[in-house]
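Right, one structure below, let's go through it.
Side chains included, hydrogens not; waters and symmetry mates left out as well; all remaining heavy atoms used.
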Amino acid sequence: MAPPRSPMAAPRSFLWARRIFLTLLTGFVLLPVYVMVSSSLKPLQDVSGTFRWLPSGLTIRPYIDIWSTVPLADYFVNSVIVAGAATVCSVVIAVFAAYAVSRYRFRGKRMFTVTVLSTQMFPGILFLLPLFLIYVNIGNATGIALFGSRGGLILTYLTFSLPFSIWMLIGYFDSVPRDLDEAALVDGCGPLGALFRVVVPAAIPGIVAVAVYAFMTAWGEVLFASVMTNDATRTLAVGLQGYATQTEVYWNQVMAASLVVSVPVVAGFLLLQRYLVAGLTAGAVK
């Protein structure tokens with residue numbers, strides 16, 4: 001005999017509706033992944049023809065050809081350097097800026113916070129032409145090649161990853177008790193000592209969340225990378241266009257390369273998911 005249901009338990013109809021909804025949602029999310037994986041394991045003639053849910057034959061040749069059709073390894077190195085440098089710079093600058101705003105009072109503090117947050121309201125395309133002109137003029141005046149270089153692309157990514165990083169870390173540092181700072185100062189630490197020995201270890205989830213956000217933003221960005229780079233500094237997000245020629249599109253290699261490109265981001269997200277959720281939650285509540 002089944003045990004009696006608790007009066008606070010949800011109705012059976014609600015439970016079944018939730019199961020059906022979650023099943024449909026899971027299928028909706030996994031369907032594109034299945035299409036990508038199956039297409040990446042098919043010969044080109046099978047992908048170019050009528051789509052079949054069950055492939056007639058499987059091959060790993062597309063995963064081998066992606067490295068020779070376009071210089072994917074060079075694009076991979078460029079993306080790692082640009083995204084890694086943008087992430088490190090965003091985290092370091094955001095830590096100092098957020099700590100100053102969170103712990104000190106100064107004139108224009110509120111205006112600074114509002115300005116930092118308001119930059120997220122503007123679409124990135126508004127900054128494309130001004131940054132292009134600035135980089136070209138700096139190169140003509142000083143000889144410093146920002147346009148078409150990795151350094152220029154790193155600075156470009158900082159313009160829209162750094163404001164959000166500062167804003168999120170301000171909220172997280174506000175959640176760290178100030179008593180920890182005072183205790184460190186009493187023990188003989190200076191402001192920087194209190195920051196690195198007390199506040200930063202307590203704010204690791206928030207810092208990790210900022211790092212993941214900055215890395216993912218730089219890794220998959222297309223608009224600025226398509227304009228600010230050349231053949232030598234092209235990143236993965238733009239380099240994938242090389243699989244489409246004037247006569248043919250290598251769809252199986254496009255799918256294979258897309259999966260390979262997604263591996264670092266997906267792996268990093270899964271490894272740091274616990275810190276990411278904790279950091280975003282704490283940073284959203286003040």
Side-chain angles (χ1 to χ4, degrees), residues 10 12-80 82-84 87 124 208-209 211-223 225-226 234-281:
R12 294 185 182 275
S13 58
F14 172 79
L15 296 177
W16 278 106
R18 184 177 62 180
R19 293 169 184 170
I20 294 174
F21 175 76
L22 292 177
T23 301
L24 294 176
L25 182 61
T26 303
F28 179 78
V29 172
L30 294 180
L31 182 61
V33 178
Y34 171 76
V35 172
M36 289 182 63
V37 174
S38 62
S39 299
S40 67
L41 296 173
K42 295 178 181 179
L44 181 59
Q45 58 270 20
D46 292 350
V47 182
S48 302
T50 304
F51 178 77
R52 296 180 179 179
W53 291 102
L54 297 177
S56 57
L58 299 179
T59 177
I60 63 171
R61 191 67 193 176
Y63 287 91
I64 301 175
D65 293 339
I66 59 175
W67 305 100
S68 58
T69 302
V70 300
L72 190 65
D74 296 338
Y75 300 158
F76 196 92
V77 172
N78 291 334
S79 291
V80 170
V82 171
T87 300
V208 171
V212 172
Y213 164 78
F215 185 85
M216 293 180 64
T217 302
W219 186 264
E221 201 279 326
V222 177
L223 177 63
S226 61
R234 190 163 295 159
T235 58
L236 284 171
V238 181
L240 292 179
Q241 300 176 3
Y243 294 104
T245 64
Q246 295 181 351
T247 58
E248 193 171 18
V249 179
Y250 299 97
W251 288 111
N252 54 348
Q253 295 187 36
V254 171
M255 298 300 177
S258 300
L259 291 173
V260 171
V261 169
S262 303
V263 167
V265 177
V266 174
F269 180 83
L270 293 178
L271 292 174
L272 303 175
Q273 183 180 11
R274 176 167 58 93
Y275 297 102
L276 181 63
V277 174
L280 290 175
T281 303

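Not less than 6.0 angstrom separates the ring centroid of Y75 from the ring centroid of W219.
Taking all atoms of both residues into account, the shortest heavy-atom contact from A218 to A83 is CB-CA, 3.8 Å. Considering every non-hydrogen atom in both N252 and P62, the closest pair reads ND2-CG, 3.5 Å. The shortest heavy-atom contact between T59 and K42 is CG2-C, 3.9 Å. Across all non-hydrogen atoms, the minimal contact from A257 to L72 is CB-CD2, 4.4 Å. In terms of heavy-atom proximity, M36 sits nearest to M255 at O-CB, 3.6 Å.
No donor-acceptor distance shorter than 3.5 angstrom exists from the side chain of S79 to the backbone of F76, with no hydrogens or angles considered. Under the 3.5 Å distance criterion, the side-chain polar atoms of S226 are matched with a main-chain donor or acceptor of L223. Judged by distance alone, with hydrogens and angles left aside, the side-chain atoms of T235 form no donor-acceptor pair with the main-chain N or O of A225 at under 3.5 Å.
Note that CG of L240 is 11.5 Å distant from CD of Q253, once rounded to the nearest 0.5 Å. Taking CG of D65 as the start and CD1 of I60 as the end, the distance is 10.5 Å to the nearest 0.5 Å. Between atom CG of residue L236 and atom CG of residue D74 there is a gap of 10.0 Å, rounded to the nearest 0.5 Å.
At least one side-chain heavy atom of W67 sits less than 4.5 Å from a side-chain heavy atom of V260.
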Item to complete: Before giving the answer on side chain to side chain contact (heavy atoms under 4.5 Å, CB included), spell out for I66 and Y243 the whole-Å C-alpha distance, their side-chain angles and the decisive distance to 0.1 Å.
Response: CA-CA 8 Å; I66 59 175; Y243 294 104; 3.3 Å; yes
Practice prompt. Please lay out, stage by stage, how L44 and E248 fare under the test side chain to side chain contact (heavy atoms under 4.5 Å, CB included).
Written response: CA-CA 10 Å; L44 181 59; E248 193 171 18; 3.0 Å; yes
Item to complete: Test L41 against Y63 for side chain to side chain contact (heavy atoms under 4.5 Å, CB included), laying out the working first.
Response: CA-CA 8 Å; L41 296 173; Y63 287 91; 3.6 Å; yes
Item to complete: Evaluate the criterion side chain to side chain contact (heavy atoms under 4.5 Å, CB included) for residue pair V212 and V208; output intermediate values, then yes/no.
Response: CA-CA 6 Å; V212 172; V208 171; 4.2 Å; yes
